[in-house]
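Beneath this line is the structure, given in structure tokens, with notes to follow.
Counting from 1, the numbers follow the sequence of the chain as shown. All values below were derived from every heavy atom in this structure, side-chain atoms included, with hydrogens, water molecules and symmetry-related copies excluded.
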Amino acid sequence: MVPMIRHRNILIKKYFSVSLALFGVILCWASINSSFSTFNVFSVFFVLIVLLNIPKCILSPINVLFSYYGIWFVIAPLFASGYTQEQLLSYEYKVSIGLVMATFVFALYSIKLGEWLGNKVPSVQNLTILKKSELRYGIATLYFLSTAMVILIVYSSGGPAVWLDNPGDAFLNRGGSGHFVILSHFSSILLAFFCGYHSYKSRSLVSIIIFVFWLFLTSPVHGSKFQIILLLIISLLPWLRNVKTISLTSVCLAILFVCIFLLGMVFRGLDYSSFERVISVLNYFSTLHNLAISVRDFSPGELMTFFYPFQKFLTPFGLADHSMYYDMNHLLTDIYYPEAWEIRATEQWPVETDLYLNFYYIGGLPFLFIYMSFIGYFHAFALKISSIGGALVSLLMTVFMISHLRGSLYNHTDFYMLPYFILIYFLLRRYGMKRDCYGN
């Protein structure tokens, strides 16, 4: 009797959650031509939806979805000086928030459907235990490769003097070192994981402390705050995969990421002499503003940027010219922020802009559904099979989801990252994640 009551309560909660989310979407769009604040409607329903759908695992794709929409579309518009109440009440902002609300709800339930399907996969037993000698040899090799790539990036983009004088500018002007950057990403991702995995298996923090020290020394070359945070998460993956969303560990992790983000902004000239200047960092999260100006200045389906990433293939053959764009963000940055595009820095437009400009919004939702549901499916699948390959690829897919949510449906980096994900999975899928003794 008790299990039946519990099952009934779960169903009631699910139906209520779905109904509330759909009502929130309808109310957001109904408020566009009214005196109500669409932003306030979105914020209230966003909080309610989050509270009703908090996942158990901190590394769930749903938590990444919540974090992205919460920071970029709730916290930033509330506190960043770049947003005003007058702006948020304008027609283009109201339409933009309506698009954001619809995408958020659609993505959430696409992920949940994928997780439901992934949970039906049977568990895998008798996975191989990675040998201690193999792990140490692999770590030493990856340290050599990762460090070599960092050195080659520095020397191919001006040399140590340029990087020591202004690391932020050197990072933005590292043209010509792209192949070294890609190889650096490949090797450092595996290095981060195996250092953390070695510490986890040996019950010693020596390996992970050494890696964090190496990451600190090489962080100006990695440059991207996203990349540094990603490497730290990967190194902590063996512990984090079982951490609950509501826990002291998750709070400490969030504080750590905020500190890393602020440190990265310091490298880019952040003035932290007063609280007001520190809080101005929220202007970095200008995605809603960029969506609003694109809604204001373009009609649905007016631009076709969907195939821009394929132009990256022309670069190695010398067929690309200086004005060629590799994704939607390049074009729009050149239009609205030409001074940034001059040094090849890009502003970020959200996936809603891609859907709006290329597919009249509605036409792109099937692509978004396939992408989000597969991420949810693979997350649940990886937990079931409990292999190194599955866990690492699931984490990478989950974290890289942010780059697609605040950009195009796909970008040119997918052309080398997706084969990398597949390779990692098939090379490491037979090794177990559990904290067993090393093999002989």
Side-chain angles (χ1 to χ4, degrees), residues 130-160 162-164 167-168 170-202 204-240 256-257 260 263-264 267 388-389 391-393 395-397 399-400 403 413-428 431:
L130 194 63
K131 293 181 180 179
K132 191 174 184 179
S133 57
E134 292 175 338
L135 190 55
R136 286 181 172 175
Y137 176 77
I139 289 174
T141 303
L142 289 167
Y143 263 122
F144 173 78
L145 290 174
S146 299
T147 305
M149 290 306 107
V150 167
I151 294 171
L152 289 170
I153 292 170
V154 170
Y155 277 94
S156 64
S157 56
V162 173
W163 282 87
L164 290 172
F171 173 77
L172 292 174
N173 293 280
R174 54 182 181 164
S177 62
H179 48 301
F180 297 134
V181 172
I182 293 172
L183 293 174
S184 172
H185 289 345
F186 287 175
S187 56
S188 60
I189 284 172
L190 286 174
L191 174 63
F193 175 75
F194 283 119
C195 285
Y197 185 69
H198 182 271
S199 285
Y200 181 75
K201 299 287 280 187
S202 63
S204 169
L205 295 178
V206 173
S207 291
I208 201 167
I209 290 173
I210 294 173
F211 171 75
V212 171
F213 180 70
W214 176 87
L215 182 60
F216 174 77
L217 291 179
T218 59
S219 59
V221 180
H222 296 297
S224 167
K225 298 173 288 296
F226 175 84
Q227 185 68 17
I228 294 171
I229 291 174
L230 172 64
L231 292 175
L232 277 177
I233 294 175
I234 291 171
S235 68
L236 298 173
L237 173 59
W239 292 276
L240 293 180
L256 174 63
F257 293 160
I260 293 171
L263 181 62
F267 279 119
I388 288 176
L392 181 53
V393 171
L395 173 64
L396 289 170
M397 290 174 59
V399 176
F400 272 87
S403 69
T413 61
D414 293 333
F415 296 138
Y416 59 82
M417 290 307 298
L418 288 179
Y420 178 65
F421 292 170
I422 294 170
L423 181 63
I424 287 177
Y425 175 70
F426 281 103
L427 287 177
L428 302 177
Y431 297 108

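At distances below 3.5 Å, at least one donor-acceptor pair connects side-chain atoms of Ser199 with backbone N or O atoms of Ser204.
A 4.5 Å side-chain heavy-atom check between Phe226 and Val399 finds at least one atom pair inside the cut-off. Using a 4.5 Å heavy-atom cutoff, the side chains of Phe400 and Thr413 are not in contact. Leu428 places none of its side-chain heavy atoms less than 4.5 Å from the side chain of Leu130. Residues Trp239 and Ile208 form a side-chain contact, since some pair of their non-hydrogen atoms from C-beta on lies under 4.5 Å apart. In this structure, Val181 and Gln227 have side chains that are not in contact, with every pair of non-hydrogen atoms separated by 4.5 Å or more. Residues Ile234 and Leu396 meet the side-chain proximity criterion, which asks for heavy atoms closer than 4.5 Å.
Rounding to the nearest 0.5 angstrom, the gap separating the NE2 atom in His185 from the CE atom in Met417 is 7.5 Å. Taken to the nearest 0.5 Å, the CE atom of Met397 stands 12.0 Å off from the CG atom of Leu392. Atoms OG and CD1, from Ser235 and Ile189 in turn, are 12.0 Å apart once rounded to the nearest 0.5 Å. Distance CD1/Ile151 to OG/Ser156: 11.5 Å, rounded to 0.5 Å. Atom CG of Leu395 sits about 5.5 Å away from atom CG of Leu237, to the nearest 0.5 Å.
Nearest approach of Phe257 to Ile233, heavy atoms of both residues: CZ-CG1, 3.2 Å. The two residues Leu232 and Val212 come nearest to each other via the heavy atoms CD2-CG2, 4.1 Å. In terms of heavy atoms, Phe193 sits closest to Ile388 at CE2-CG2, 3.2 Å.
Under the rule for a ring-ring contact (aromatic ring centres under 6.0 Å, His included), Phe194 has no partner lying at least two apart in sequence or in another chain. In terms of the side chain to side chain contact (heavy atoms under 4.5 Å, CB included) criterion, Phe216 has no residue partners (sequence neighbours excluded). Listed by chain and number, the residues in a side chain to side chain contact (heavy atoms under 4.5 Å, CB included) with Leu418 are Asp414, Phe421 (sequence neighbours excluded). For Ile182, the side chain to side chain contact (heavy atoms under 4.5 Å, CB included) partners two or more places apart in sequence, or in a different chain, are Phe186, Tyr416. Taking Ser403 as the reference, nothing meets the side chain to side chain donor-acceptor pair (under 3.5 Å) condition, with sequence neighbours excluded.
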Identify every side-chain donor-acceptor pair in residues 139-150 under 3.5 Å, counting partners at least two apart or on other chains, and give the distances.
residue, atom, partner, partner atom, Å
Thr141, OG1, Tyr137, O, 2.9
Tyr143, OH, Phe211, N, 3.3
Ser146, OG, Leu142, O, 2.8
Ser146, OG, Ser187, OG, 3.1
Ser146, OG, Ser188, N, 3.4
Thr147, OG1, Tyr143, O, 2.8
Thr147, OG1, Trp214, NE1, 3.1

